[in-house]
Amino acid sequence: LQDVVVGLSDGLTVPFALTAGLASLGSSRFVVLAGMAEIVAGAISMGLGGYLAGRSEIEHYDSEYAREQKEVQEMPLHELAEIEEIFEPYGLVRPAIDPLLEVLQNNPKQWVEFMMRYELNLEKPDPSRVWVSALTIGGSYFMGGLVPLIPYMLIADASNALPVSILSTLIVLFIFGYVKAKFVGVDKPVRSAGEFEMTIVGAAAGGAAFGIAKVSGLDNLCFSFNTNCFVLYR
């Protein structure tokens, strides 16, 4: 769910902001061309980011595991004292946890895993999740990015396509916020801030991009296309 949220939320807001800004130029063809380039590049970038984050998580876990192994072997008394500190807030003193300490001392591997989970709060990452995470984030970004772009594919005049793009994107952002709230266990997601938060963020991003394009005077520029490129002129 976290990967879908990251990919879809960025995919809905970033291309939406880009297409809203470019819509002031008046050419849907240019908006589609630039939008598709951004979506593909963004999906690849997000997917690679998810992959690198997953690899970093695995490397961090392995590094901490090796350190805990060394400490258990070379500083067992220090590690036992750390276990006491873990249970102390719960009112469990040394005599109460002595049976546990004895079991861990007789099983060094379990001792290390215990320290990883309860001292460092680290769960062992699943290596197969790295590629799954990368594909999920990248795919979610691509799918989300198509939502604000489709109206420009169907309507030639960007100024007419813009309101349709805004409406469709805001509706999807609202639905996405609602579904996300349901998944995280909100009892009444319609009354929560989840769906409104996503909608407001997307609207703000799109409005800012459109406003910048207007203020900078880009809407006074005309675009024409040949088979290989576009030529910009006043």
Side-chain angles (χ1 to χ4, degrees), residues 3-50 134-182 189-190 194-234:
D3 293 339
V4 174
V5 169
V6 170
L8 198 57
S9 59
D10 279 6
L12 285 167
T13 54
V14 177
F16 173 54
L18 174 67
T19 54
L22 295 176
S24 62
L25 301 172
S27 172
S28 284
R29 188 176 181 184
F30 177 71
V31 174
V32 171
L33 178 64
M36 283 302 299
E38 195 286 327
I39 291 173
V40 172
I44 294 173
S45 176
M46 292 289 289
L48 287 175
L135 293 174
T136 302
I137 293 175
S140 298
Y141 186 96
F142 185 84
M143 296 302 295
L146 289 177
V147 173
L149 196 60
I150 288 175
Y152 298 98
M153 298 178 180
L154 303 176
I155 303 173
D157 188 347
S159 59
N160 293 330
L162 177 61
V164 181
S165 176
I166 293 174
L167 182 61
S168 59
T169 304
L170 293 181
I171 290 174
V172 173
L173 281 168
F174 185 88
I175 295 172
F176 175 57
Y178 176 87
V179 173
K180 184 183 73 171
K182 287 287 286 185
V190 175
E195 64 275 13
F196 296 106
E197 181 183 76
M198 294 297 303
T199 306
I200 292 170
V201 169
F210 186 81
I212 290 172
K214 281 288 186 181
V215 171
S216 62
L218 289 177
D219 55 321
N220 295 322
L221 301 180
C222 300
F223 289 81
S224 65
F225 295 84
N226 57 35
T227 56
N228 297 318
C229 63
F230 63 87
V231 180
L232 175 64
Y233 63 92
R234 289 189 179 274

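All values below come from the heavy atoms of this structure, side chains included, with hydrogens, waters and symmetry mates left out. Since this is a predicted model, take the numbers as computed values, not measurements.
Looking at residues two or more places apart in sequence or on another chain, you find no side chain to side chain donor-acceptor pair (under 3.5 Å) involving S45. For L135, the side-chain contact (heavy atoms from CB on, under 4.5 Å) criterion is met by no residue, not counting sequence neighbours. For L167, the side-chain contact (heavy atoms from CB on, under 4.5 Å) partners two or more places apart in sequence, or in a different chain, are I171.
Distance check: S165 OG to L170 CG gives 9.0 Å after rounding to the nearest 0.5 Å. Considering CG of L149 and OG1 of T19, their distance stands at 6.5 Å, rounded to 0.5 Å.
Nearest heavy-atom pair across M46 and D10 is CE-OD2, 3.3 Å. Residues F30 and L22 approach most closely at CE2-CD2, 3.6 Å, considering heavy atoms. Across all non-hydrogen atoms, the minimal contact from L146 to M153 is CD2-CE, 4.5 Å. Among all heavy-atom pairs drawn from G47 and A134, the shortest one is O-CB, 3.2 Å.
For residues 143-156, no pair satisfies side-chain hydrogen bond (donor to acceptor under 3.5 Å, both in side chains), with sequence neighbours left out.
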In a table with atom names and distances, give each donor-acceptor pair under 3.5 Å that connects a side chain of residues 137-145 to protein atoms at least two apart or in another chain.
residue : atom : partner : partner atom : Å
S140    : OG   : T136    : O            : 2.7
Y141    : OH   : E38     : OE1          : 3.3
Y141    : OH   : E38     : OE2          : 2.7

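Checked against S168 for a side chain to side chain contact (heavy atoms under 4.5 Å, CB included), the options P163, P148, P151 give a single hit: P151.
Residues V31 and L162 have side chains not in contact (no heavy-atom distance under 4.5 Å, counting atoms from C-beta outward).
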Item to complete: Please lay out, stage by stage, how L173 and T13 fare under the test side chain to side chain contact (heavy atoms under 4.5 Å, CB included).
Response: CA-CA 9 Å; L173 281 168; T13 54; 4.3 Å; yes

